[in-house]
Amino acid sequence: MQSVLVTDFDGTITDGDFYILAVERLLKPEDLAPWQEYRAGRITHFTALKTIFAKIRAPESVVLDILKDMRPDPRLPECAARLKAAGWHVAVASAGCGWYINRILGGLGVDFEVHANPGRYLEGGPLVMEAPVDSPFYSQQAGVDKAGIVRFYQERGATVAYAGDGYTDYEAASIVPAHLRYARANLAESLQEKGKKFRSFSVWSEIVDSLLQPTASG
């Protein structure tokens, strides 16, 4: 395995984040309080999302409509095929829930390696998210150790690129070379604050276009 793209999902492969859309449509503003607790350092990222998801009460069909509005990059299937043809392996590293990630990818016919927090949707709600405690990449903080996935491939001699948009992406992004570090939103802000260089992107397909340029690995 020569080249690996480790990528976040919500806000990176998709334009929207599941938890934000769920709060906007199904919950009350105060239901986002666990996120503020996480940002203040009082609870973990995993606990914040698990608590928010546990408040959802709606038919599954209503929640599945939210998945459509997460707006995955429309070029995702094409780009996945291009990466595969060029010898790139893609690993999704998400602190979100595999329940919706696998549905979105599967619905588009995209077969990526996925590391995310497992979950299930109960009839009428809620979305129950669990910690992947049996995974070699388990993290108490986010559920999934994104940096651990990057290191796993680096230690096996692969060229590793990383793409993300959030606070939980910082450590993973910081350990890949700057020319293979793709960021937007909160991740971009965090990297700028630390004086670390990166390549900005607005949609996921821009990352693929960049990686597949002849000079991308230079």
Checklist entry - Is V92 reachable from W88 through a run of I, L, V, M, F, W or Y residues, each pair having side-chain heavy atoms under 4.5 Å apart? => result yes

Next on the checklist: side-chain contact (heavy atoms from CB on, under 4.5 Å) for V176 and Q154? Distances and angles first, verdict last.
Outcome noted: CA-CA 9 Å; V176 304; Q154 288 177 331; 4.0 Å; yes

Checklist entry - Hey, is E171 close enough to R151 for a salt bridge, meaning N to O under 4.0 Å? => result yes

Checklist entry - Do side-chain atoms of Q140 reach the backbone of T44 as a donor and acceptor pair under 3.5 angstrom? => result no

Next on the checklist: Taking V128 as the starting point, is it possible to reach L64 by hopping between hydrophobic residues whose side chains are less than 4.5 Å apart?
Outcome noted: no

Checklist entry - For residues D10 and Y100, is any side-chain donor paired with an opposing acceptor at under 3.5 Å? => result yes

Checklist entry - Salt-bridged, E130 to R120, with N to O below 4.0 Å? => result yes

Next on the checklist: Between K84 and D111 (salt bridge meaning N to carboxylate O under 4.0 Å), is one present in this structure?
Outcome noted: no

Next on the checklist: For the CG atom on D69, are there more than 12 heavy atoms of other groups (residues, nucleotides or ligands in this structure) within a distance under 6.0 Å?
Outcome noted: yes

Checklist entry - Transitively linked via ILVMFWY side-chain contacts under 4.5 Å: L76 with M70? => result yes

Checklist entry - Where do G148 and F137 come nearest, in terms of heavy atoms and distance? => result O-CE2, 3.6 Å

Item to check | Sub-6.0 Å ring centroid separation between Y19 and W35 | outcome: yes

Checklist outcome for this item: side chain to side chain contact (heavy atoms under 4.5 Å, CB included) test vs L26 passes for just one of D31, V63, L21, namely V63

Checklist entry - Y38 vs H45 aromatic rings, parallel, tilted or perpendicular, using cut-offs 30° and 60°? => result perpendicular

Checklist entry - Which other residues end up in the same hydrophobic cluster as V133, if Ile, Leu, Val, Met, Phe, Trp and Tyr are linked when side-chain heavy atoms come under 4.5 Å apart? => result Y138

Checklist entry - When you measure from the side chain of T14 to the backbone N and O of G11, does any donor-acceptor pair fall under 3.5 Å? => result yes

Checklist entry - Does the side chain of T12 come under 3.5 Å of the side chain of W204 through a donor N or O and an acceptor N or O? => result no

Checklist entry - At what distance, to the nearest 0.5 angstrom, does CD of E37 lie from OG1 of T47? => result 11.0 Å

Item to check | Backbone N/O of K197 and side chain of R181: donor-acceptor pair under 3.5 Å | outcome: yes

Next on the checklist: Could you check whether atom CD of Q192 has more than 12 heavy atoms from other residues, nucleotides or ligands sitting under 6.0 Å from it?
Outcome noted: yes

Next on the checklist: Taking the side chain as everything from C-beta on, heavy atoms only, tell me whether I43 gets closer than 4.5 Å to P34.
Outcome noted: yes

Checklist entry - For the atom pair CG (L191) and OG (S200), what is the distance rounded to the nearest 0.5 Å? => result 11.5 Å

Next on the checklist: Could you walk me through whether R184 and S202 satisfy the side chain to side chain donor-acceptor pair (under 3.5 Å) test, starting with their C-alpha distance in whole Å, then the side-chain angles of each, then the deciding distance to 0.1 Å, before giving a yes or no?
Outcome noted: CA-CA 7 Å; R184 57 178 269 181; S202 56; over 6 Å; no

Checklist entry - Can you tell me how far OH of Y153 sits from CG of L5, rounded to the nearest 0.5 angstrom? => result 11.0 Å

Checklist entry - Stepwise, does the side chain to side chain donor-acceptor pair (under 3.5 Å) test hold for Y167 with S190? => result CA-CA 7 Å; Y167 298 113; S190 297; over 6 Å; no

Next on the checklist: Are V23 and F9 connected into the same hydrophobic cluster when the rule is that any two of I, L, V, M, F, W, Y join if their side-chain heavy atoms are below 4.5 Å apart?
Outcome noted: yes

Next on the checklist: Would you compute the distance between atom CG of L122 and atom CD1 of I56 and round it to the nearest 0.5 angstrom?
Outcome noted: 11.0 Å

Checklist entry - Roughly how far, to the nearest 0.5 Å, is CZ of R71 from CD1 of I104? => result 11.0 Å

Next on the checklist: Are V160 and L187 linked, directly or through intermediate hydrophobic residues, by side-chain heavy-atom contacts shorter than 4.5 Å (ILVMFWY only)?
Outcome noted: no

Next on the checklist: Could you check whether any side-chain N or O of R57 sits under 3.5 Å from a backbone N or O of A54, counting only pairs where one atom can act as donor and the other as acceptor?
Outcome noted: yes

Checklist outcome for this item: Between the CG atom in D73 and the CG atom in D15, the distance rounded to the nearest 0.5 Å is 9.5 Å

Checklist entry - Regarding K146 and T168, is there a side-chain donor-to-acceptor distance under 3.5 Å anywhere? => result yes

Checklist entry - Is the shortest heavy-atom distance from the side chain of N186 to the side chain of D169 under 4.5 Å? => result no

